[in-house]
Amino acid sequence: MKKNVRRLILVGVILVIGWFAGPPLIGYFVQGPGPERAQTSARFQEIPTSFVHTSDFDEALPFMALATIDVDGDGRDEVFAGGGIGQDDALLAFDGTTFAAHVFSADFEGFTSDATYGALSLDLEPDGWVDLLVARNSGIYVYGGSADGFRRRAHIVLPDSTAAPLSLAVTDLENDGVPEIFASGYLRQEFVEGETIFNQEYGAYSMFFSLYPDGRVVDRTSGSGLRRRHNTFVAVFVDLDNDSDDELVIAHDTGMPAVWKNLGDGTFAAVELPVTFSYPMGIGVGDMNNDSQPDLYFSNVGPTLPNFLLKGDLRKDQPLYKDYILLENTGGLTFSDVARARGAARIGFGWGVLAEDLTGDGRDDLLVMQNYVRFPGVKLLELYEGHLLEQQAEGSFAAVERTAGLANPYFGVTAAVSDFDGNGTPDVILANLDGPLRVFLNQADPAQWVAVPLSDRVENMGARVRLVMDNGTERVRYITAGEGLGSDSTPTVFMGLGTASRVDTIEVRLRSGVVRTHAPVGTGRVPASAWDQL
């Protein structure tokens, strides 16, 4: 621990020197050349919010929950924002001008001494009212939704008494309507011994469990083969090999990205990946090359800090990799890291990431949250403002956050996407530690997208949505819950049309094998009535 303190002091000295040398010079010195920059037609308008996150980061881990959730069943999402120590959680609604506290009754009070790290919205019964799972330092709390508001239904304590749940992911192993939840476990702040420990047995145990509508919990961690002691930031379930069984993707601290194959019998097996020791912190899931296979993007520490501060107990034969990682799915659970080739690798210290077509051109883009609340000099020097990496026509990525209006010079930790103004375009929420919650409405022409509004039901998790356009092109997206970091975006699917003028067919394939189609479509938001059965 003392060694880590000395290292942080050295970083502070470097940053102070840089302050007097000038932010541009220290910015280049610290991170070197970043991603290419470009202009974009995308435009976002910020909408004021009433929530500013605060916390005591000597007592709490540096994370914050963020979830979109339609609490009143009107087809428009509200926003759940997790509070830090000394602060209540918040439920916010868009009133057409600002995001302010929602009048919907919620039993979130009484946790001001307990930081909130993650959240997940899901209709557990299902009864048409979406429920909310909240990961706090003291465990997971289940809140049942109803016409009368949220009421606390259950409190799930992780078996590892040293662990705090950071993020929540969901699947349904048996397709029986009972969700299985993976809670990413991280050592609570009072048990953290260091941040660069790779080889020692160190960290917290995550938990994998079935959650029944009445709040009953069945722990399946050991039986599934997923019991492992290792600090974990986030996990996502997604079908990577198109066999209708969701694989589990994990971002481990002081470790490496991991994929666990679903064997179809309630157990998982590790998949070999082209990765080495790193600090993967966020996970984005998207079809980056439109080949109908989900690809995986992981944030990392990047070039912000020198190797000697990060190698910890790694041996000479254990290489440290600091770049971001983009695992292109090449079929059969094989992957190739194409981040460097596509200009999405050399990015400064990052956290939550999302893959989403935010520009409507038919290609998935990457949204990256940056900065570290325990390195205040990074923010003072304005080194990082997050990135919207727009995918260019030839497949490379370029930073466009400045012209798009999404630059975020705060302690960005996670993000989510929804459609708050109901026009069928993806809007963006950025969550900042010790800073404002920021919401941006997409100003693009809704005719550039088609939006498929699915519900937050268990059976929709893991669904595959395929669009067939009038020019013969196809696009596929996968419903994942928990993508990013401690966050949960809307289950509504947004797909940019690119050069197509209309969508001829929408096909929704559930993990159970049920397939439903809708046609003709055109553009814009598909009526929710078309998917009442979903």
Side-chain angles (χ1 to χ4, degrees), residues 41-42 75 238-246 284-296 328-332 354-366 390-395 417-419 422-426 442 444-455 457 459-480 483 489-534:
S41 60
V238 60
D239 183 5
L240 293 172
D241 54 3
N242 200 28
D243 65 353
S244 298
D245 288 325
D246 288 342
V285 180
D287 182 6
M288 308 311 299
N289 54 359
N290 285 339
D291 66 350
S292 299
Q293 298 187 107
D295 308 307
L296 305 170
E328 183 178 272
N329 191 337
T330 52
L354 293 179
E356 188 84 39
D357 183 1
L358 293 175
T359 58
D361 59 9
R363 299 182 292 269
D364 279 344
D365 310 304
L366 297 168
E390 182 179 31
Q391 187 175 172
Q392 308 298 296
E394 79 284 0
V417 170
S418 188
D419 176 15
N423 68 351
T425 65
N442 198 323
D445 182 356
Q448 293 177 247
W449 282 270
V450 64
V452 184
L454 303 182
S455 64
R457 293 164 64 107
E459 52 263 46
N460 285 345
M461 300 299 105
R464 179 180 183 268
V465 182
R466 183 173 70 100
L467 269 61
V468 180
M469 263 71 90
D470 62 343
N471 61 0
T473 60
E474 297 185 6
R475 290 212 65 205
V476 172
R477 279 198 68 87
Y478 296 79
I479 305 296
T480 58
E483 179 188 4
S489 292
T490 179
T492 294
V493 173
F494 305 97
M495 288 186 173
L497 272 64
T499 58
S501 58
R502 60 173 286 117
V503 174
D504 286 341
T505 304
I506 299 175
E507 175 190 273
V508 178
R509 181 184 297 272
L510 302 184
R511 193 181 49 254
S512 63
V514 172
V515 178
R516 297 192 175 101
T517 60
H518 179 66
V521 178
T523 63
R525 189 177 182 89
V526 178
S529 58
W531 309 102
D532 282 345
Q533 69 272 45
L534 298 179

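No hydrogens, no waters, no symmetry mates; every other heavy atom, side chains included, goes into these values.
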Query raised in the report: How far does CG of Leu358 sit from CZ of Phe494, to the nearest 0.5 angstrom?
Result: 9.5 Å
Query raised in the report: Looking at Tyr478 and Asp239, what are the two nearest heavy atoms and their distance?
Result: CE2-O, 4.0 Å
Report task. State, with a plain yes or no, whether a side-chain heavy atom of Ser292 is found less than 4.5 Å away from one of Arg464. Result -> yes
Query raised in the report: Quick check: does any side chain N or O of Glu483 sit under 3.5 Å from a backbone N or O of Val285, one acting as donor and the other as acceptor?
Result: yes
Query - Polar side-chain atom of Asn423 near backbone of Pro446 as donor-acceptor pair, under 3.5 Å - result: no
Query raised in the report: Would you call Leu366 and Met288 a side-chain contact if the rule is heavy atoms closer than 4.5 Å?
Result: yes
Query raised in the report: If we only count heavy atoms from C-beta on, is the Val503 to Met469 side-chain gap below 4.5 Å?
Result: yes
Query raised in the report: Should the pair Asp246-Arg511 be classified as a salt bridge under the 4.0 Å nitrogen-to-oxygen rule?
Result: yes
Query raised in the report: Looking at side-chain heavy atoms only, is the closest gap between Asn242 and Gln293 below 4.5 Å?
Result: no
Requested in this report: Working to the nearest 0.5 Å, report the span between CE of Met461 and CG of Leu510.
Outcome: 10.5 Å
Requested in this report: In plain terms, say whether Asp504 and Arg502 are close enough for a salt bridge, that is, a side-chain N and a carboxylate O under 4.0 Å apart.
Outcome: yes
**Report entry** Distance (rounded to the nearest 0.5 Å) between Ile506 CD1 and Arg475 CZ
**Finding:** 12.5 Å
Report task. To the nearest 0.5 Å, tell me how far Thr505 OG1 sits from Glu474 CD. Result -> 9.5 Å
**Report entry** 4.5 Å side-chain heavy-atom contact, Val465 and Leu454
**Finding:** yes
Query raised in the report: So, Asp364 side chain and Gly286 main chain: donor-acceptor pair closer than 3.5 Å or not?
Result: no
Query raised in the report: Measuring from Trp449:CH2 to Thr359:OG1, what's the distance to the nearest 0.5 Å?
Result: 6.5 Å
Query raised in the report: Can you find a pair of side-chain heavy atoms, one from Val526 and one from His518, that are under 4.5 Å apart?
Result: yes
Query raised in the report: Hey, is the main chain of Gly332 close enough, under 3.5 Å, to the side chain of Asp241 for a donor-acceptor pair?
Result: no
**Report entry** Minimum-distance pair of heavy atoms, taken over all atoms of Thr492 and Pro453
**Finding:** OG1-CA, 3.5 Å
Report task. Using modelled atom types only, decide if a donor and an acceptor are shared between the side chain of Asn329 and the backbone of Leu240 within a distance under 3.5 Å. Result -> yes
Requested in this report: Taking only Lys NZ, Arg NE, NH1 and NH2, and the carboxylate oxygens of Asp or Glu, determine whether Arg525 and Asp419 approach each other closer than 4.0 Å.
Outcome: yes
Query raised in the report: Any side-chain heavy atom of Arg363 within less than 4.5 Å of one from Glu390?
Result: no
Query - Ion pair Arg477/Asp357, N-O distance below 4.0 Å - result: no
Query raised in the report: At what distance, to the nearest 0.5 angstrom, does CG of Asn290 lie from CG of Asp295?
Result: 9.5 Å
Query raised in the report: Are a donor atom and an acceptor atom from the side chains of Ser455 and Asn460 found within less than 3.5 Å of each other?
Result: yes
